[in-house]
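Remarks on the structure that follows.
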Amino acid sequence: MEFKIKKICCIGAGYVGGPTMAVIADKCKGIEVNVVDLNRERIAAWNSENLSELPIFEPGLKNIITRRRGENLHFSCDVEMNIALADMIFISVNTPIKKSGIGAGMASDLKWVESSTRQILEHAQGNTIVVEKSTLPVKTAKTIKSILESNKNSNKNFSVLSNPEFLAEGTAIDDLINPDRVLIGGEDRNAIDELIKIYENWVPKNKIITTNLWSSELSKLSANAFLAQRISSINTISAICETTGSNINDVSKAIGMDSRIGSEFLKAGPGFGGSCFKKDILNLVYLCQYYGLGEVANFWKSVVDINSWQKDRISKIIVKNLFGTIAGKKLGIFGFSFKANTNDTRESPAIEICKSLLDEGAILQIYDPKVSFDSIKKDLSTIGEDSIPKNDNYGHWIFSRKSLEAAKDTDAIIILTDWDEFKTYNWEEIYELMRIPAWIFDTRNVIESPKHIRSLGFNLWQLGIN
Ligand code: UDX
Ligand code: ADP
């Protein structure tokens, strides 16, 4: 197929930009894809000879990087030059929740979107299609458009599209290769058709849908809000199960077999994490408040409130079972990422749960198969403004490279991420290393044979079961 689009530039080499561009480069070998980022360390890691040093861990990513890097996929810090060369530019920069100012704690901070849009305005040449890829509040495309429309230079023309990302971390490559749908929002039919031509190389035509800019943006926020709502719903049921003697796994299975409901996203756990759910729901809440839809805002806000409540209730259960005090006690934390198969810890429930346990004076021995010491340090920092130790007894944490190290001399192991390897551990060996009475708090229900675990001597608490 002859491409009109010859060069793509993606601004932002993160969890979205990196894998998305790798798959586009792999599926469209006639297009040159340049991924740019201001962060030199991150770009160096993408270019590293040693593929285990890639900045993000994502199953299947290494293979694509091996195939395409240096061919039609390049990572660099040359933002301006690559903007100038591109026919199509994806904006995949970070949009965290604002820490201060109007909408603090709720609205997204759009400063990186704005600065990259201004760079596009200054450096783009000729006709350029600008694709909004970051998860953004509804009507952000309008901001991007107004900045680009301030263009006085008749040699430049811009078309803005919204193409929200539905990939989930840990399955990003598979989600990109076999998406449920590709959504494109925009007004310029020619620009939409150019983006369709790219996806058509591997996505069936009936899965590519188009709409206007705002519907596209709102669809993304709503899809994430619906998914998160299912998790908060099942987590409330987990608490009822514990008090009534029902079993959350059985209840969840029975609910999910109703074809009108479906079985996905009904797994109870320590609460949802990740960079999108909380941010997107809070954006929705902010939008509702702005338009005077108070009841709607409260409805969605409760999904986030239940998520905080779930994390808090787990910390309290741990303290209560360890005889009401964990000060000075060693606890093994198994898993720190927000879900299995990723090294990402953004909004991981492990952060709040660990902070609560530290606040009670515990000594945490933290093990995760992929999360680095530096990430944990950043997340549990006692220097940051939000996390100044609240008391003199504040505990401390140790990074363990091996799970056995993390289990040594502990009173309890707390499983916070659903890593597969936890299922296959030799728990007998682990029990020998612990102080008795030894506990396992399994917040993800990864332990499949509770009887066996109990027969080893463990006291087992599983979410929504005891
Ligand atoms: C999510 C959306 O799924 C994706 O479409 C969007 O583009 C970005 O946000 P992600 O955050 O990567 O993706 O992970 P996801 O698989 O959705 O999990 C989010 C959180 O929910 C994790 O902490 C996970 O452990 C938790 N979860 C998920 C549950 O607790 N129970 C479930 O049944 C499913
Ligand atoms: P996401 O999960 O949305 O991909 P990340 O934080 O992983 O978010 O990645 C976003 C990337 O965008 C970061 O590596 C950041 O350095 C980069 N970035 C932000 N602003 C700019 C900019 N103006 N130019 C280039 N890169 C940028």
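Counting from 1, the numbers follow the sequence of the chain as shown. Whatever order the structure lists them in is the order used to number ligands and atoms, beginning at 1.
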inquiry  = So is R444 touching ligand 1 or not, going by heavy atoms under 4.0 Å?
reply    = yes
ask   = Applying a strict 4.0 Å limit to heavy atoms, is S134 in contact with ligand 2?
value = no
message = Would you call the rings of Y425 and F334 parallel, tilted or perpendicular, taking 30° and 60° as the class edges?
response = perpendicular
ask   = For atom 15 (P) of ligand 1, which of E165, K339, K279 has the closest heavy atom?
value = K339
key: Min heavy-atom dist G269 to ligand 1 below 4.0 Å   = no
Geometric N/O contact S275 with ligand 2, under 3.5 angstrom = no
task = Report the nearest protein non-hydrogen atom to atom 12 (O) of ligand 1: residue, atom name, distance rounded to 0.1 Å.
result = E169 N, 2.7 Å
ask   = Which bit of L167 is near ligand 1, meaning a heavy atom under 4.0 Å away: side chain, backbone, both or neither?
value = backbone
ask   = In terms of residue, atom name and distance, what is the protein heavy atom nearest to atom 9 (O) of ligand 1?
value = C276 CB, 3.3 Å
request  = On the 0 to 90° scale, with breaks at 30° and 60°, tag the W46-F75 ring pair as parallel, tilted or perpendicular.
outcome  = parallel
query = N/O of R346 under 3.5 Å from N/O of ligand 2, yes or no?
reply = yes
query = Does ligand 1 have a heavy atom under 4.0 Å from the side chain of D175, from its backbone, from both, or from neither?
reply = neither
Residue and atom name of the nearest protein heavy atom (relative to atom 27 (N) of ligand 1), distance in Å to one decimal = I231 CD1, 3.4 Å
ask   = Any heavy atom of K220 sitting closer than 4.0 Å to ligand 1?
value = yes
query = Could an N or O of ligand 2 be found under 3.5 Å from any N or O of R42, whether backbone or side chain?
reply = yes
message = Considering both backbone and side-chain atoms of A13, is one of its nitrogen or oxygen atoms within less than 3.5 Å of a nitrogen or oxygen in ligand 2?
response = no
